[in-house]
Amino acid sequence: MTDKPARYSSPAIALHWLIALALFGLIGLGFYMTGLPMSPAKLQYFSWHKWAGVTIFLLVLVRLGWRLVSPPPAMPAATSPLMRLAAHLGHLALYVLMLAIPLSGWLMSSAKGFQTVWFGVLPLPDLIGRNLELGKQLSTLHLGLNVALLVMVAGHLLAALVHQHVQKDGTMYRMLPIARLRPSVAID
C-alpha cells in the first residue's frame, strides 16, 4: 500500500481543465469552420476561433507562470527514470504546441491580410507582412501542429489511463478536480 500521491495546486488544476476544454472546443470549431463555404457565419466563426486562440495562448502563459511559482508535485517514487523523462518530454511538447499553434494562426492571419482583433475590440499587430503564398504554408503548418497536438493529447490521456488502471499508482488523481473522484484512503 502506498500513500496518496501529492496533488497539483487548485489553480494548476483549474487551468489544466479550462485549457483542455477550450482546446477541444477550439480544435472542433477549427475543423468545422474550414469546411464551410464562404459566408458571414464562416467569417464570424473565424473571428471566434482567433479570439479563443489568443485567450488560450494567454491562459497557457499564465499556467507556465504559475508552474514557475508553484512547481508540480513529485512523481511517485516508483516511477522509472525512463518514464520520468517521457513525462517531462511529453509535457514540454504539449506546452510548445499550445504556444506554437496560436502563434502559427496569428502569423497565418497576418500573411493572409486578416488582422486579429481580440474580442472585436483589441487589434493585435500583424506579425508579418501580407504574403498569400506564405499564408498557405502557414495554414498547412497550423493544421499539422493541431494534428500533432491531438496525437500528444491522446498519448497524455493514454498515459493517465495506464497510471490509473495498470500501474494503479494514483498519478491521475493528482489532477482531478472533483473531490469525490479522489481516493480518500491510501491506494493499493
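This one's a predicted model, so the numbers in the text were calculated from it and none came from an experiment.
The hydrophobic cluster containing Val121, built from Ile/Leu/Val/Met/Phe/Trp/Tyr side-chain heavy atoms closer than 4.5 Å, comprises no other residue. Grouping Ile, Leu, Val, Met, Phe, Trp and Tyr residues whose side-chain heavy atoms lie under 4.5 Å apart, directly or via other members, places Leu92 in a hydrophobic cluster with Val96. Residue Val166 shares its hydrophobic cluster (ILVMFWY side chains chained together at separations under 4.5 Å) with Leu158, Val162.
Listed by chain and residue number, Phe24, Leu94, Leu149 satisfy the side-chain contact (heavy atoms from CB on, under 4.5 Å) test with Val153 (two or more places apart in sequence, or in another chain). Judged as a side-chain hydrogen bond (donor to acceptor under 3.5 Å, both in side chains), and not counting sequence neighbours, the contacts of Gln164 are Tyr173.
Taking both residues in full, the closest heavy atoms of Lys112 and Gly135 are given as CE-O, 3.5 Å, listed atom of the first, atom of the second, then distance. A pairwise comparison of heavy atoms in Thr171 and Asp169 identifies OG1-OD1, 2.8 Å as the closest pair.
Phe57 and Leu21 are members of different hydrophobic clusters when ILVMFWY side chains are connected at heavy-atom separations under 4.5 Å. One hydrophobic cluster, built from ILVMFWY side chains closer than 4.5 Å, holds both Leu58 and Val60. Cluster membership for Leu157 and Leu23, using ILVMFWY side-chain heavy atoms within less than 4.5 angstrom, is not shared.
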Would you tabulate the side-chain donor-acceptor contacts of residues 29-40 under 3.5 Å, counting partners in other chains and residues two or more places apart, or write 'none'?
from, atom 1, to, atom 2, distance (Å)
Thr34, OG1, Gly30, O, 3.3
Thr34, OG1, Phe31, O, 3.1
Ser39, OG, Ala41, N, 3.4
Ser39, OG, Lys42, N, 3.1

What pairs of donor and acceptor atoms, side-chain ones from residues 68-81 against any protein atom, are under 3.5 angstrom apart with sequence neighbours left out?
from, atom 1, to, atom 2, distance (Å)
Thr79, OG1, Pro76, O, 2.9
Ser80, OG, Met83, N, 3.1

Acceptor/donor pairs from residues 10-19 side chains to any protein atom, 3.5 angstrom cut, sequence neighbours excluded:
from, atom 1, to, atom 2, distance (Å)
Trp17, NE1, Met175, O, 2.7

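The CG atom of Leu103 sits 13.0 Å away from atom CE of Met98, with the distance rounded to the nearest 0.5 Å. Atom-to-atom distance recorded for Leu99:CG and Leu145:CG is 11.5 Å, nearest 0.5 angstrom. Going from atom CG of Leu107 over to atom CG of Asp126 covers 10.0 Å, rounded to the nearest 0.5 Å. Taken to the nearest 0.5 Å, the CE atom of Met108 stands 10.5 Å off from the CD1 atom of Ile128. The line from OG of Ser110 to CZ of Arg130 is 11.5 Å long, rounded to the nearest 0.5 Å.
In this structure, Trp48 contributes its side chain and Phe119 its backbone to no donor-acceptor pair below 3.5 Å. Under the 3.5 Å distance criterion, the side-chain polar atoms of Arg7 are matched with a main-chain donor or acceptor of Leu176.
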When you look at Ile56 and Ile101, which way does the side-chain contact (heavy atoms from CB on, under 4.5 Å) test go after all the steps? CA-CA 10 Å; Ile56 291 172; Ile101 290 168; over 6 Å; no
Stepwise, does the side-chain contact (heavy atoms from CB on, under 4.5 Å) test hold for His49 with Leu26? CA-CA 6 Å; His49 184 80; Leu26 188 59; 3.1 Å; yes
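Applying the side chain to side chain donor-acceptor pair (under 3.5 Å) test to pairs two or more places apart or on separate chains, those with a residue in residues 116-125 are Thr55-Trp118. Applying the ring-ring contact (aromatic ring centres under 6.0 Å, His included) test to every pair with at least one member in residues 83-115, sequence neighbours left out, gives these pairs: His91-His156. Annotation: side chain to side chain donor-acceptor pair (under 3.5 Å) contacts involving residues 137-149, sequence neighbours excluded, comprise Ser104-His142.
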